[in-house]
Amino acid sequence: MRVLSGMRPTGKLHLGHYFGVIKNWVRLQEEHETLYMIADWHALTTGYKKVDEIPQNVEEMLIDWLTLGIDPKKSVIFQQSKIKEHAELFLIFSMITPKSWLEWNPTYKDTKYNLLKIADLSLMFKGGIRDNLKTFIAKLPYKIEDFESLEEMLLDNVSDALIQALFEGYLDKEMLKELNVSKRDFYDTDTYGFLGYPVLQAVDILIYKAQAVPVGEDQLPHIELAREIARRFNNLYGETFPEPQAMLTETPRLPGTDGRKMSKSYNNAIYFADTKEELQRKVMGFFTDPQKLRKGDPGRPELCPVFFYHKIFTTWEKVEEIEEDCKRGKLGCVDCKREMLKNLELFLEPLREKRQEYAKDRALLRDIIKEGSEKAKSIASKTMEEVREKIRVG
Ligand code: SF4
């Protein structure tokens with residue numbers, strides 16, 4: 001079975017990417033014909049103002065793919081923009097895709113919300129509220145040990161709440177002005193390309209006649225749209241595209257250092273490119289059960305992200321011991337984090353070394369992309385010959 005998947009090049013990968021996507025890709029390449037796409041045209045959907053970052057991000061992401069086990073001998077690794085046939089089929093599909101399919105796509109609003117530059121928005125909101133927050137915290141009748149981390153925590157939560165409020169329609173022009181945020185910034189993604197990006201996704205799949213696409217539940221409407229476009233094309237011009245199936249994959253929600261979902265935008269991620277020192281700083285700063293203030297306090301491991309990591313990286317017997325000792329107050333969070341750090345480091349250290357090797361060999365990276373893109377192009381151009389013949393244009 002031919003399986004296709006891709007990722008927008010947003011830079012270095014973190015643990016969440018590995019457990020959510022790459023681990024599954026590595027398994028699939030053992031069982032199927034796999035094509036993995038570096039979706040650099042998709043990076044323009046929201047990043048068209050920051051194009052300087054894209055080439056570097058492509059390389060960093062490829063380095064991580066290789067480090068984590070995507071094997072160019074087993075999978076076709078290619079760069080979307082190297083295969084211009086994607087753009088041609090995108091144009092043709094744009095002609096036959098009813099606008100309402102895109103506007104009513106249930107993920108459109110959510111995706112718009114997610115893909116907007118949340119990190120940038122968050123920073124803008126932070127800028128607007130920072131001064132007042134300092135005064136507010138200073139007035140609190142508590143002795144605050146770590147003023148800065150409390151401030152950061154509040155700033156994060158408040159700016160997240162503001163972003164939510166904005167999208168729910170609760171922030172008017174005046175409030176935005178007070179927060180020093182221009183509404184124009186939110187419309188950077190109000191573009192034709194953004195509305196049409198599921199059409200480009202359909203192209204990515206159909207141009208290779210992929211039979212299956214590994215996706216999380218949130219991506220199901222996009223696969224459905226690809227199937228609808230395939231059906232419409234086939235009805236209009238004759239059987240050409242197979243309808244791709246979604247390979248629903250469970251994506252575990254790996255917590256970041258602050259307990260929220262690991263994400264670059266939240267600044268809570270552990271990267272494969274992190275140095276040993278960076279890893280140590282991040283792990284020792286991990287959020288834990290807030291009710292466990294000192295060693296003797298009983299903890300709730302089921303609510304603690306550190307324990308979540310133990311369940312992945314620590315031996316089963318030791319996990320049971322940690323769970324029990326945490327609940328009984330026999331184990332302190334500092335020791336618990338040290339143990340987690342040790343085990344996580346065992347997993348990350350060899351990968352860090354492997355990553356450095358790939359990072360040194362830029363010529364190899366270029367060759368891998370070139371070779372993979374040539375293979376992908378040969379499939380795509382064959383499909384396009386068939387399409388041109390069917391539509392009598394081109
Ligand atoms: S002892 Fe470990 S599992 Fe328990 S709250 Fe602290 S860090 Fe979390």
Side-chain angles (χ1 to χ4, degrees), residues 12-23 68 122 137 140-161 250-352:
K12 296 165 184 164
L13 299 190
H14 52 63
L15 282 172
H17 290 119
Y18 177 67
F19 287 102
V21 181
I22 306 288
K23 199 170 171 219
L68 297 173
S122 184
I137 296 174
L140 290 176
Y142 308 110
K143 188 173 174 304
I144 293 152
E145 304 289 340
D146 191 351
F147 192 92
E148 276 181 17
S149 70
L150 177 67
E151 191 188 299
E152 275 314 308
M153 192 268 281
L154 286 174
L155 279 169
D156 268 344
N157 289 329
V158 174
S159 55
D160 280 359
E250 244 182 69
T251 47
R253 234 177 105 100
L254 199 77
T257 53
D258 58 0
R260 290 184 293 174
K261 183 185 172 190
M262 187 175 284
S263 158
K264 190 178 175 180
S265 338
Y266 292 151
N267 199 17
N268 65 359
I270 292 176
Y271 293 93
F272 292 96
D274 282 348
T275 61
K276 204 171 173 177
E277 293 69 35
E278 281 167 329
L279 178 70
Q280 180 171 3
R281 185 179 51 75
K282 286 181 181 179
V283 170
M284 295 318 284
F286 244 85
F287 175 86
T288 58
D289 175 7
Q291 279 186 20
K292 185 167 164 61
L293 298 175
R294 47 191 78 77
K295 187 175 172 183
D297 295 341
R300 297 169 299 173
E302 69 281 6
L303 300 180
C304 175
V306 176
F307 187 68
F308 190 100
Y309 279 74
H310 275 302
K311 286 195 281 185
I312 303 175
F313 297 104
T314 305
T315 60
W316 185 237
E317 301 78 41
K318 190 74 188 161
V319 170
E320 284 186 338
E321 189 186 315
I322 289 169
E323 184 172 21
E324 196 149 311
D325 288 353
C326 169
K327 283 182 178 165
R328 285 195 188 161
K330 259 178 80 184
L331 178 67
C333 293
V334 173
D335 287 340
C336 186
K337 286 177 186 174
R338 277 199 195 114
E339 176 74 20
M340 191 270 260
L341 174 65
K342 189 183 80 192
N343 299 328
L344 182 57
E345 179 60 14
L346 283 177
F347 171 70
L348 286 176
E349 196 189 5
L351 294 175
R352 201 180 291 131

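Computed from a predicted structure; not experimentally measured. Whatever order the structure lists them in is the order used to number ligands and atoms, beginning at 1.
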Asker: Are any side-chain N or O atoms of His310 and backbone N or O atoms of Cys336, one a donor and one an acceptor, separated by less than 3.5 Å?
Answerer: yes

Asker: In Å and rounded to the nearest 0.5 Å, what is the OG1 to CD distance from Thr314 to Glu323?
Answerer: 12.5 Å

Asker: Name the closest protein heavy atom to atom 1 (S) of ligand 1, giving the residue it belongs to and the distance to 0.1 Å.
Answerer: Lys292 CE, 3.6 Å

Asker: So that I can check it, does any N, O or S atom in Cys304 come closer than 2.8 Å to atom 2 (Fe) of ligand 1?
Answerer: no

Asker: Among all the protein's non-hydrogen atoms, which is closest to atom 4 (Fe) of ligand 1, and how far away is it?
Answerer: Cys326 SG, 2.3 Å

Asker: Give a yes/no on ligand 1: does Lys337 have at least one heavy atom closer than 4.0 angstrom to it?
Answerer: no

Asker: Can you find a non-hydrogen atom of Gly299 under 4.0 Å from ligand 1?
Answerer: no

Asker: Could you tell me whether Asn267 atom CG has more than 12 heavy atoms of other residues or ligands within 6.0 Å of it?
Answerer: no

Asker: What protein heavy atom lies closest to atom 7 (S) of ligand 1? Include the residue and the distance to one decimal.
Answerer: Thr288 CG2, 3.5 Å

Asker: In ligand 1, which numbered atoms sit nearer than 4.0 Å to a non-hydrogen atom of Cys336?
Answerer: 1 (S), 2 (Fe), 3 (S), 7 (S)

Asker: Could you tell me whether a side-chain N or O of Asp258 sits under 3.5 Å from a main-chain N or O of Phe287, the two making a donor and an acceptor?
Answerer: no

Asker: Using a strict 4.0 Å cut-off to heavy atoms of Phe307, name the atoms of ligand 1 that fall inside it.
Answerer: 3 (S)

Asker: Counting non-hydrogen protein atoms only, what is the nearest one to atom 6 (Fe) of ligand 1? Give residue, atom name and distance.
Answerer: Cys333 SG, 2.3 Å

Asker: Working to the nearest 0.5 angstrom, can you tell me the gap between Ile270 CD1 and Glu278 CD?
Answerer: 11.0 Å

Asker: What is the distance from atom CG of Asp289 to atom CG of Asp297, rounded to the nearest 0.5 Å?
Answerer: 9.0 Å

Asker: Step through the shown structure and confirm whether more than 12 heavy atoms of other residues, nucleotides or ligands are within 6.0 Å of NZ on Lys282.
Answerer: yes

